[in-house]
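These numbers were taken from a predicted model, which means no experiment stands behind them. Throughout, protein chains are lettered first and strands after them, A, B, ... in sequence-line order, and every chain is numbered starting at 1.
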Amino acid sequence: MYALVDMDAFYVSVELQRRPELRGRPVVVAGSGPRAVVTTASYEARRFGVFSATPAERARRLCPDAVFIPPDFDHYRARSREVMAVLRAHVDRVEVVGLDEAYLDLSGLERHRAAARRVKAAVREATGLTCSVGVGPSKLVAKVASDLEKPDGFTELTAGEARRRFAGSSPAVVPGIGPKTVARLEDLGVATLGALAAVSDTRLCEWFGPRLGPYLGRLARFEDTRGFETARVAKSESRETTFDHDLHGLPQLEAALRRLVGELCTTLGRQERRGRTIGIKVRFSDFATVTRARTLDEAVNDIGTVSAVALDLLRRLGPRRPVRLLGVRVAGLAEGRRAAPAARDDQLSLSV
DNA sequence: TCTGGGGTCCTAGGACCC
DNA sequence: TCTGGGGTCCTAGGACCC
């Protein structure tokens, strides 16, 4: 039995603790530049149609009275650690999914439902923050259950209940079925999860291939055999920026790339992490995105090497159009570290 | 409505080796 | 002279998640 703990409007809730006078008002955490997007919106702001990833400019138009707060990720990370510490104090096995989300493995516990309730109360007690909790026989069911009664919700579902409950819903309610897949399904005449669950594997294979097809069918039936991973080792780390105004020409781009490399290597150096693959990412004004990468014989993290490779990749790419985003990435980080071959937990595959 | 930043995994094709 | 199959590593792009 598993639970998913999802903090309610996490960044906004954390900000409201620092500025309680804003409670009850529409509050939006968003950057300030012309291309910023909303990171989190309070439930009051959501009523105006402002959600995560809404362009900040548009959010201002939709909700002129909203209070806009610039994100403070260092603070959110610190508060997140508090939350996760509470979870770990109650449950042995915790899988952290993001700053505001974690799965709990309730297997060892008798009366798992009561246990999950206690954890929810403890989070509020210790941090003053509310969360929504879903409980179910798999991570997938726990996750969709947690979405059912936000905010401050608590929902337990069996797989069968989930199937009946969501049979008429868009396949998009299932994490793993994104906008592209939803659109393809619609074109194929499959508009609901119930309909998807009823499509034969043969047909799904024809439509989506031998792996993705059956996988979608399993998702629609809420069959999920994913394992549980309590410790993750990052495999790559990157820095990227979208410019307030598009950049033109190599000199400008090189300067920006050097800055990004500097930031990235500083972080990697501090943590003594190295990677063999160095990559860049370039997004043009029309949003077309290209990546280039090169793998070296040895893992590196020094500014000299990483800049040399990144700049060479950039020059060879020789972007001739206006560039809106530039990024740099070091991958293959986990390799040298003998990260215990953690119970390999096949994402898409699983247990056939 | 012109679309952030930081990640993960999958796929397809080519190189290379046995 | 041509044919071959399997395995691994790498690159690039795409879909998705928080």
Bracket string, DNA chain B, 5' to 3' - pairs by Watson-Crick or G-U geometry under 3.5 Å, | interstrand: ....||||||||||||||
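- Within the 4.0 Å cut-off from OP1 or OP2 of C/dA12, at least one side-chain nitrogen or oxygen of A/Arg292 is found.
- Cation-pi geometry between A/Arg283 and A/Phe287 is satisfied (NZ or CZ under 6.0 Å from the ring centre, within 45° of the ring normal).
- Checked against B/dG4, C/dC17, B/dG7, the side chain of A/Ser236 finds its nearest nucleotide in B/dG7.
- Judged by a 6.0 Å distance limit and a 45° cone about the ring axis, A/Lys139 is positioned over the six-membered ring of A/Tyr103.
- Among the heavy atoms of the strands, none lies under 4.0 Å from A/Thr54.
- Closest to the side chain of A/Leu325, out of B/dC10, B/dT8, B/dG5, is B/dG5.
- Taking the side chain as every heavy atom from C-beta outward, A/Thr158 and A/Phe222 never approach each other to under 4.5 Å.
- Here A/Val182 lies out of heavy-atom contact (under 4.0 Å) with every strand.
- One interatomic measurement links the two molecules: CG of A/Asp74 to P of B/dG6, which rounds to 13 Å at whole-angstrom precision.
- The hydrophobic clustering, which links ILVMFWY residues whose side-chain heavy atoms are closer than 4.5 Å, places A/Phe243 and A/Phe284 together.
- Proximity note for A/Pro179 (side chain, C-beta onward) versus C/dC16, B/dT3, C/dT11: the nearest is C/dC16.
- Proximity of A/Arg276 to the phosphate of C/dC10: a side-chain N or O atom is located under 4.0 Å from OP1 or OP2.
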A/Arg239 vs A/Glu237, salt bridge (charged side-chain N to carboxylate O under 4.0 Å, His left out): CA-CA, chis, key distance, verdict: CA-CA 7 Å; A/Arg239 291 292 180 276; A/Glu237 184 146 338; 3.2 Å; yes
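- When all heavy atoms are compared, the tightest approach of A/Gly327 to A/Leu257 is O-CD1, 4.2 Å.
- Other residues, nucleotides and ligands contribute at most 12 non-hydrogen atoms within 6.0 Å of the CZ atom of A/Arg124.
- Distance check on atom C1': B/dG4 versus C/dC16 gives 16 Å, rounded to whole Å.
- The side chain of A/Val97 has C/dC18 as its nearest neighbour among C/dA15, C/dC18, B/dT11.
- With DNA chain B read from its 5' end, the first of the two nearest nucleotides for A/Glu240 and A/Glu57 is the one closest to A/Glu57.
- At a threshold of 4.0 angstrom between heavy atoms, the contacts of A/Gly178 are confined to the sugar-phosphate backbone, with no base atom among them.
- With ring centers used as reference points, A/Tyr11 lies under 6.0 Å from A/Phe73.
- Side-chain nitrogen and oxygen atoms of A/Thr242 include none within less than 4.0 Å of the OP1 or OP2 phosphate oxygen of B/dT3.
- The distance from atom CG of A/Leu317 to atom P of C/dG13 is 9 Å, rounded to the nearest whole Å.
- Side chain of A/Lys235, nearest nucleotide from C/dT11, B/dT8, C/dC16: B/dT8.
- Neither OP1 nor OP2 of C/dA15 sits under 4.0 Å from any side-chain N or O of A/Arg184.
- Note on A/Leu99: nothing from the nucleic acid sits closer than 4.0 angstrom, heavy atoms only.
- In this structure, the nucleotide among C/dC18, B/dT8, C/dG13 sitting nearest to the side chain of A/Arg329 is B/dT8.
- With its ring centre under 5.5 Å from that of the base six-membered ring and a plane angle below 30°, A/Phe287 counts as stacked on B/dT3.
- A/Ala293 comes within contact range of the sugar-phosphate backbone alone, with a heavy-atom separation under 4.0 Å but no base atom that close.
- Across the protein-nucleic acid pair, A/Glu237 atom CD and B/dG5 atom P stand 15 Å apart, rounded to whole Å.
- Atom CZ of A/Phe208 and atom P of B/dC10 are 17 Å apart (whole Å).
- Of the candidates C/dG13, C/dC10, B/dG5, the closest approach to any side-chain atom of A/Val290 belongs to C/dG13.
- Protein atom CZ of A/Arg232 is 8 Å distant from nucleotide atom C1' of B/dT8, rounded to whole Å.
- Looking at the side chain of A/Thr277, the nearest of the listed nucleotides C/dT11, B/dC2, B/dT3 is C/dT11.
- Residue A/Pro55 is the one, among A/Arg239 and A/Pro55, whose nearest nucleotide of DNA chain B lies closer to the 5' end (criterion: closest heavy atom).
- Distance A/Phe51 CZ to C/dC18 P: 16 Å, rounded to the nearest Å.
- Of all heavy-atom pairs between A/Tyr76 and A/Pro71, the closest is OH-CA, 3.6 Å.
- A/Lys281 places its NZ atom 11 Å from the C1' atom of C/dG14, with the value rounded to the nearest Å.
- For A/Lys143, counting side-chain heavy atoms from C-beta on, the closest listed nucleotide (C/dA15, C/dC10, C/dC18) is C/dC18.
- Across all strands, A/Pro34 comes closer than 4.0 Å only to sugar-phosphate atoms, never to a base (heavy-atom distances).
- Within the 4.0 Å cut-off from OP1 or OP2 of C/dC16, at least one side-chain nitrogen or oxygen of A/Thr181 is found.
- In this structure, the CD atom of A/Glu101 is 17 Å from the P atom of B/dG7, given to the nearest Å.
- A/Thr295 and A/Thr277 share a side-chain donor-acceptor pair at under 3.5 Å.
- Looking at the side chain of A/Arg58, the nearest of the listed nucleotides B/dG5, B/dG4, B/dT1 is B/dT1.
- Listed pair A/Arg294 / C/dC10 fails the phosphate criterion, with no side-chain N or O lying under 4.0 Å from OP1 or OP2.
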